[in-house]
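Only one structure is covered here, and it is reproduced in the block below.
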Amino acid sequence: MTAPTAWEPIIGLEVHAQLLTRTKIFCGCATSFGAEPNTHVCPVCLGLPGALPVLNRSAAEMAVRTALALGCTVRARSVFARKSYFYPDLPKGYQISQFDLPFSEHGHLDIEPEGGEPRRVGITRIHLEEDAGKNLHGVAEVPGQSVIDLNRAGTPLVEIVGEPDLRGPEDAVAYLKKLRSILVALGVNDGNLEEGSFRCDVNVSVRRRGTEAFGTRVEIKNINSFRHVQRGLAYEIARLTDLAERGETFRQHTRQWDDERGRTVFLREKEGSDDYRYFPDPDLPALVLDEAFVAAQRAQLPELPDARRHRLTSVLGLPTYDADLLTSHPRIGDFFEEILRSRPGDGAFAKRAANFVMTEVLAGTTTHGLEVSFPITSSQLVELLGLVEAGTISGKQAKDVYAAVQGTDRSPKSWVESQGMAQVSDASALETICQGLIDQNPKQASAYRAGKTNMLGFFVGGVMRETKGSANPVVVNEILLRLLA
Ligand code: ADP
Ligand code: MG
Ligand code: ZN
């Protein structure tokens, strides 16, 4: 982070998130990704004259759950509007969106920026709209040409417009991460920035510290990773600060982040909303979201990430770091909680289980959108950790058993039995081994008795060798201390 200057950055984000409905927002075409170009299209999403849109109910349901999770109010009667602009990926010549009467407003998001104070950030509004198609340039099949894939046209989006409450790149990244984790927990979005299902436009300006009025903003379009948001903002804040220092003014415009060169570049003049000729879409009735509909969606809200993290830290006493990691994805949280259910309310076990999941399991876990694939099932892991809790195997042996059963359907218990791995805690068997070692090594034994207490390690190591690491070290220590006393 750079030292504060006389100029304060003001940042507000607009996020476009694709809703994970099965079909598009105004027609029955599938919202499949990665399909052959132009295979999921129909007269409605192709924008053919006379085709009539019909709102997908499940898009409205997901949108309302999003609004409720972000503390927004839901408007009982909202209106779809046509946003006119000409671009090849939008065959109708307008996008169906919402304008002066969005379905939702006045929400908030609580963020904990890195190195900063926890803060509440305002959400201005959320509206429903359709996605455009995709222009492709220079694809292998048609080199040197520009072509259009309209499979994505008509995919439902929520646009979430944030208040200009953010004050630096760290705030912006914290906001986006938190927002994404909520959408993923709701199951309404897969949170994939690289594939464009969670996209963000960054608005930024600077003002002299201590003054009220905002400066002219620039908008940086479609940044597709958190790292680019961080870098792009840091660059742009420095650039705007420099302009302000020199008293230079400019017109509001749109820029693009060039990550390779590490700078933003001018893209186009910013359209004002007048240029879009917004007007109510005569093809669609008002969107009526009555109290019963909203209540039904509220009843379906899952536990949100903040609440889950709080439960793990305050009820089970896990460190914040552990809780953050274990709730970083809803499926990881579910997996961990299946483990916890084997010993409900046991905070000490929760910590040991958390350690095992964090150090062993997460390394082999892969996430793709809402899907997570684990190297071991939760029931295998319950069985494995149960063997440690019962003293049958040591923590160290548990790692070996884990290595042997991961990626297979082996039972940890049967594996331990078949390998004769069970930790020897039987005191009389261990005592015989310990006594034998002491008898065979009289020099070392007398050295210990003469005060060389680090000789204890020699004997512990000997017992471990004889038992191939299966002796319970706690029991071995007790016996040796007693016999050598
Ligand atoms: P548009 O559609 O023209 O981009 P919106 O009003 O929908 O305009 O979105 C504006 C976004 O820009 C909001 O996220 C808001 O917080 C942010 N914003 C508005 N004014 C400023 C400013 N002066 N500096 C930084 N961000 C701003
Ligand atoms: Mg914008
Ligand atoms: Zn269609």
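Each ligand, and each atom within it, is numbered from 1 in the order the structure gives.
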Study note, to complete from the structure: Which of Arg75, His127, Arg125 passes side-chain hydrogen bond (donor to acceptor under 3.5 Å, both in side chains) with Glu105? It is Arg75
Point to revise | Residues Thr216 and Gln252: side-chain donor-acceptor under 3.5 angstrom | key: no
Counting each atom of ligand 1 from 1 as listed, which ones have a heavy atom of [X] under 4.0 Å away?
| X | value |
| --- | --- |
| Gly215 | 23 (N) |
| Glu219 | 4 (O) |
| Phe214 | 23 (N) |
| Val161 | 9 (O), 13 (C), 14 (O) |
| Ser205 | 22 (C), 23 (N), 24 (N), 25 (C) |
| Gly12 | 14 (O), 16 (O), 17 (C), 26 (N) |

Point to revise | His40 near the Zn ion (ligand 3): N/O/S under 2.8 Å | key: no
Review point. Does Arg239 come within less than 4.0 Å of Asp242, counting only side-chain N to carboxylate O?
Key: no
Review point. Using the ring of each side chain (for Trp, its six-membered ring), is Phe335 parallel, tilted or perpendicular to Phe374, with breaks at 30° and 60°?
Key: parallel
Exercise for review: Could you label the plane-to-plane angle of the Phe99 and Tyr278 rings as parallel, tilted or perpendicular, counting under 30° as parallel and over 60° as perpendicular?
Suggested key: parallel
Check your understanding: How many angstroms lie between atom NE2 of His16 and atom CG of Asn189, to the nearest 0.5 angstrom?
Key -> 12.5 Å
Revision key, fill the gap. With rounding to 10 degrees, Cys27 SG, the Zn ion (ligand 3) and Cys29 SG define an angle of 110°
Practice item. Please find out if less than 6.0 Å separates the ring center of Tyr94 from that of Tyr276. Key: no
Exercise for review: Report the part of Leu13 in contact with ligand 1, treating N, CA, C, O as backbone and CB onward as side chain, heavy atoms under 4.0 Å; options are side chain, backbone, both, neither.
Suggested key: backbone
Just distances here: any N/O of [X] and N/O of ligand 1 closer than 3.5 Å?
| X | value |
| --- | --- |
| Pro164 | yes |
| Gly162 | yes |
| Lys270 | yes |

Check your understanding: Is the CD atom of Glu194 crowded by more than 12 outside heavy atoms at less than 6.0 Å?
Key -> yes
**Study point:** Row check, Trp7 ring normal vs Arg209 NZ/CZ: under 6.0 Å, within 45°
**Key:** no
Review point. If hydrogens are left out, which of Glu163, His127, Lys83, Glu14 has an atom nearest to atom 7 (O) of ligand 1, that is, the closest non-hydrogen atom?
Key: Glu14
